[in-house]
Protein chains: 2
Amino acid sequence: MKDSPGFLPLYRQVYDRLVKRITDGDWRPSEALPSEYALANELGVSQGTVRKALNEMEAEKLVERRQGKGTFVKEHTDEASIFRFFRLTRLDGARLTPESEVESINRRLANKQEKSVLGLEQKEHVIEIHRIRLVDHSPCVIETIILPQALFPDFDRLESLSESLYPLYQRKFGIHIVEVEEQLQAVAATKEDAKRLKIPDGTPLLRVDRVALTIIGRQVEWRSSLFETRKFVYSVNLN
Amino acid sequence: MKDSPGFLPLYRQVYDRLVKRITDGDWRPSEALPSEYALANELGVSQGTVRKALNEMEAEKLVERRQGKGTFVKEHTDEASIFRFFRLTRLDGARLTPESEVESINRRLANKQEKSVLGLEQKEHVIEIHRIRLVDHSPCVIETIILPQALFPDFDRLESLSESLYPLYQRKFGIHIVEVEEQLQAVAATKEDAKRLKIPDGTPLLRVDRVALTIIGRQVEWRSSLFETRKFVYSVNLN
DNA sequence: GAGTGGTCTAGACCACGCA
DNA sequence: GCGTGGTCTAGACCACTCT
C-alpha cells in the first residue's frame with residue numbers, strides 16, 4: 001500500500017530548496033549563503049539537517065564550504081574549470097593550460113542527431129562553434145561545440161569567448177555544469193583534420209564526444225573533440 | 001606551537017583502525033562488521049562517530065551498508081569489477097562482458113620503468129601477464145599486466161585466472177583495489193598488434209596505461225592496454 | 001518483535017578567519 | 001572576540017530485514 005518514493009528525508013527537501021534557489025540565481029557565484037543556523041531558522045529545521053544538505057551540495061561541487069568563513073556558491077573560474085574537465089596533461093602528468101582560437105560561430109536548425117543528444121523538440125535552433133586549442137603555440141585539439149540556442153540567447157553576438165567556456169555559461173547564462181559524460185575512440189586524422197592540426201594524414205587521434213549536464217541532468221552542450229596525443233595524454237582517475 | 005596536522009578528528013582515528021582491520025583480514029569480503037553500537041562501545045566513542053567513519057568507508061566503496069541488515073566488507077565480484085573499471089561499451093552505451101585468453105605468465109626482474117611506476121626497490125621481481133580480451137568472439141583488447149612479485153606470492157602457479165583480476169587479487173592475496181589512474185593516447189597498431197587483433201597494420205588504437213592503487217595509495221598493478229575502438233567506445237563520467 | 005542502519009534534534013565544544 | 005563551519009555526544013524515532 002506504499003508508493004515508490006514513500007519517504008523523502010527532510011534534508012533532501014532542504015537540499016532541493018537550496019539547489020533551486022542557487023539555480024534561480026538567488027545567490028550568485030562566489031556569494032556566501034546564509035549561515036547554517038540562519039538557514040535552519042528560516043526553514044524550520046535543525047542546524048544538523050541543513051548541514052547534511054549543504055554537505056551533499058559540497059560533494060557535488062555546487063558550493064564550497066570554508067571553516068570560519070561560510071558557505072559559498074562555487075564559481076567556475078577558468079583555472080578550476082580547466083583543471084576539472086580538461087583532462088589533457090603532459091606525459092609526466094603536469095597540467096596544461098591551452099589557448100584557443102575560435103574559427104566560427106553559427107546559428108542553424110538542429111539536425112536529428114543533435115536533437116537526440118541534447119534532448120530537443122522539433123525545429124529548435126543550435127549554436128555551432130568551431131575552435132582550435134593550442135599548447136606551446138602549436139595546435140593540438142580541434143573542437144566542434146553544439147549548444148541549444150534556447151538556453152543561450154544571443155550567444156552568437158558575444159564579443160569574445162573565454163578560454164574555458166563553462167565559466168562563461170555560468171556567468172552569462174546561469175548554467176552550472178556539474179557533470180560530463182564522455183565517449184573516447186581512436187580514429188585516423190582526415191585530410192582536413194590533418195591540415196588544421198598541421199600533422200600528417202592518417203595520424204591517430206583521440207576522439208572525445210562529450211555531453212555536459214546540469215545538476216538536474218539537463219543536457220546543455222555537445223562537444224566533439226579531436227586530440228593530438230603524441231606529446232600529451234588524456235588523464236583520468238576512476239574510483 | 002602547533003604541528004602541521006595539529007588535530008586529527010576522532011572519526012578519522014576510528015576510520016584508520018577499521019580500515020586496518022579490513023586490510024589485515026579481520027573481516028573477510030562479504031562478511032558483516034559489528035553493528036555501529038557494538039563498534040562504538042568497543043572503541044569508546046559515540047555511535048555517531050562510528051557512523052561517520054563507516055560512511056566515509058562506504059563512499060570509498062570499501063564497505064557496503066544495508067539498512068536493516070548491517071555493514072559488509074565490499075566484495076569485488078566479477079560483474080561489479082567489470083562494471084566499475086572496464087570502461088569499454090557499445091556505441092549505444094550498453095556495457096560489455098569480455099572474455100579473456102591468457103597468452104603467457106612470466107616472472108623476471110623488474111626493469112627501471114617498472115620499478116618507478118610500481119614504487120619498487122632494487123632487484124625486485126615482477127609477474128608479467130599477456131592476455132587478449134574478446135567481445136563477440138573477436139579480439140578487441142590486448143593487455144600487458146605487471147605485478148610486484150612480493151605482493152602476489154606464487155601468482156604464476158595459479159591454475160587459472162578469472163575474467164576480472166581484481167576479485168582474484170582480493171580473494172587470494174588480500175589486495176583491495178579502490179582507485180586506478182589512467183593515461184590515454186591514440187596510437188597506430190604495430191605489425192604485431194595488428195596480427196594479434198586481426199586488423200590492418202596502422203589501425204588507430206586506444207592505448208590505456210593504468211596504475212591500480214589500494215586504499216593507502218600503494219601501487220599494485222601496472223597495466224598497458226590497446227583497445228580496438230571501431231565498434232566500441234571507452235566511456236567515462238567526470239564530476 | 002528484535003536488530004540493523006537512517007534521520008532528526010539539541011546542545012556543547014573546537015578550529016579557523018577576520019576585524 | 002565574534003561568527004563561521006567542524007566535531008562529538010546522547011537520545012528519540014523511523015524504515016527496513018529477518019525470524
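Chain identifiers are assigned alphabetically (A, B, ...) following the order of the sequence lines, protein sequences preceding nucleic acid strands; residue numbering begins at 1 within each chain. Values below: all heavy atoms of this structure, side chains included; hydrogens, waters and symmetry mates excluded.
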For A/Glu42, the side chain to side chain contact (heavy atoms under 4.5 Å, CB included) test, sequence neighbours excluded, returns A/Arg21, A/Leu39

With sequence neighbours left out, the residues meeting side chain to side chain contact (heavy atoms under 4.5 Å, CB included) with B/Asp156 are B/Ile105, B/Arg107, B/Ile127

Side chain to side chain contact (heavy atoms under 4.5 Å, CB included) filter on B/Gln170, not counting sequence neighbours, yields B/Pro29, B/Glu75, B/His76, B/His176

For A/Arg171, the salt bridge (charged side-chain N to carboxylate O under 4.0 Å, His left out) test, sequence neighbours excluded, returns none

Salt bridge (charged side-chain N to carboxylate O under 4.0 Å, His left out) filter on B/Glu114, not counting sequence neighbours, yields B/Arg108

Rounded to whole Å, the CG-P distance (B/Asn41 to C/dT4) equals 12 Å

Q.
Assess whether a salt bridge exists between B/Arg223 and B/Glu143, defined as any Lys/Arg side-chain N lying under 4.0 Å from an Asp/Glu carboxylate O.
A. yes

Per-nucleotide protein contact along nucleotides 5-10 of chain C, 5' to 3', at a 4.0 Å heavy-atom cut-off (B base, S sugar-phosphate only, - neither), is BBBSBS

Note: contacts of residues 15-31 of chain B with DNA chain D (heavy atom, under 4.0 Å) are none

What pairs of donor and acceptor atoms, side-chain ones from residues 209-217 of chain A against any protein atom, are under 3.5 angstrom apart with sequence neighbours left out?
from     : atom 1 : to       : atom 2 : distance (Å)
A/Asp209 : OD1    : A/Trp222 : NE1    : 3.3
A/Asp209 : OD1    : A/Ser224 : OG     : 3.3
A/Asp209 : OD2    : A/Arg207 : NE     : 2.7
A/Asp209 : OD2    : A/Arg207 : NH2    : 3.0
A/Arg210 : NE     : A/Glu182 : OE2    : 2.7
A/Arg210 : NH1    : A/Tyr166 : OH     : 3.1
A/Arg210 : NH2    : A/Phe85  : O      : 2.7
A/Arg210 : NH2    : A/Glu182 : OE2    : 2.8
A/Thr214 : OG1    : A/Ile216 : N      : 3.4
A/Thr214 : OG1    : A/Arg218 : N      : 3.3

In short, the helix from C/dG1-D/dC18 to C/dC18-D/dG1 is bent end to end, axes from five pairs each side, to 10°, by 10°

Residues at least two apart in sequence or cross-chain that pass ring-ring contact (aromatic ring centres under 6.0 Å, His included) with B/Phe83, listed by chain then number, are none

Residues passing the side chain to side chain contact (heavy atoms under 4.5 Å, CB included) test with A/Lys20, sequence neighbours excluded, are A/Asp24

Here the salt bridge (Lys or Arg N to Asp or Glu O under 4.0 Å) pairs for residues 77-100 of chain B, sequence neighbours left out, are B/Arg90-B/Asp136

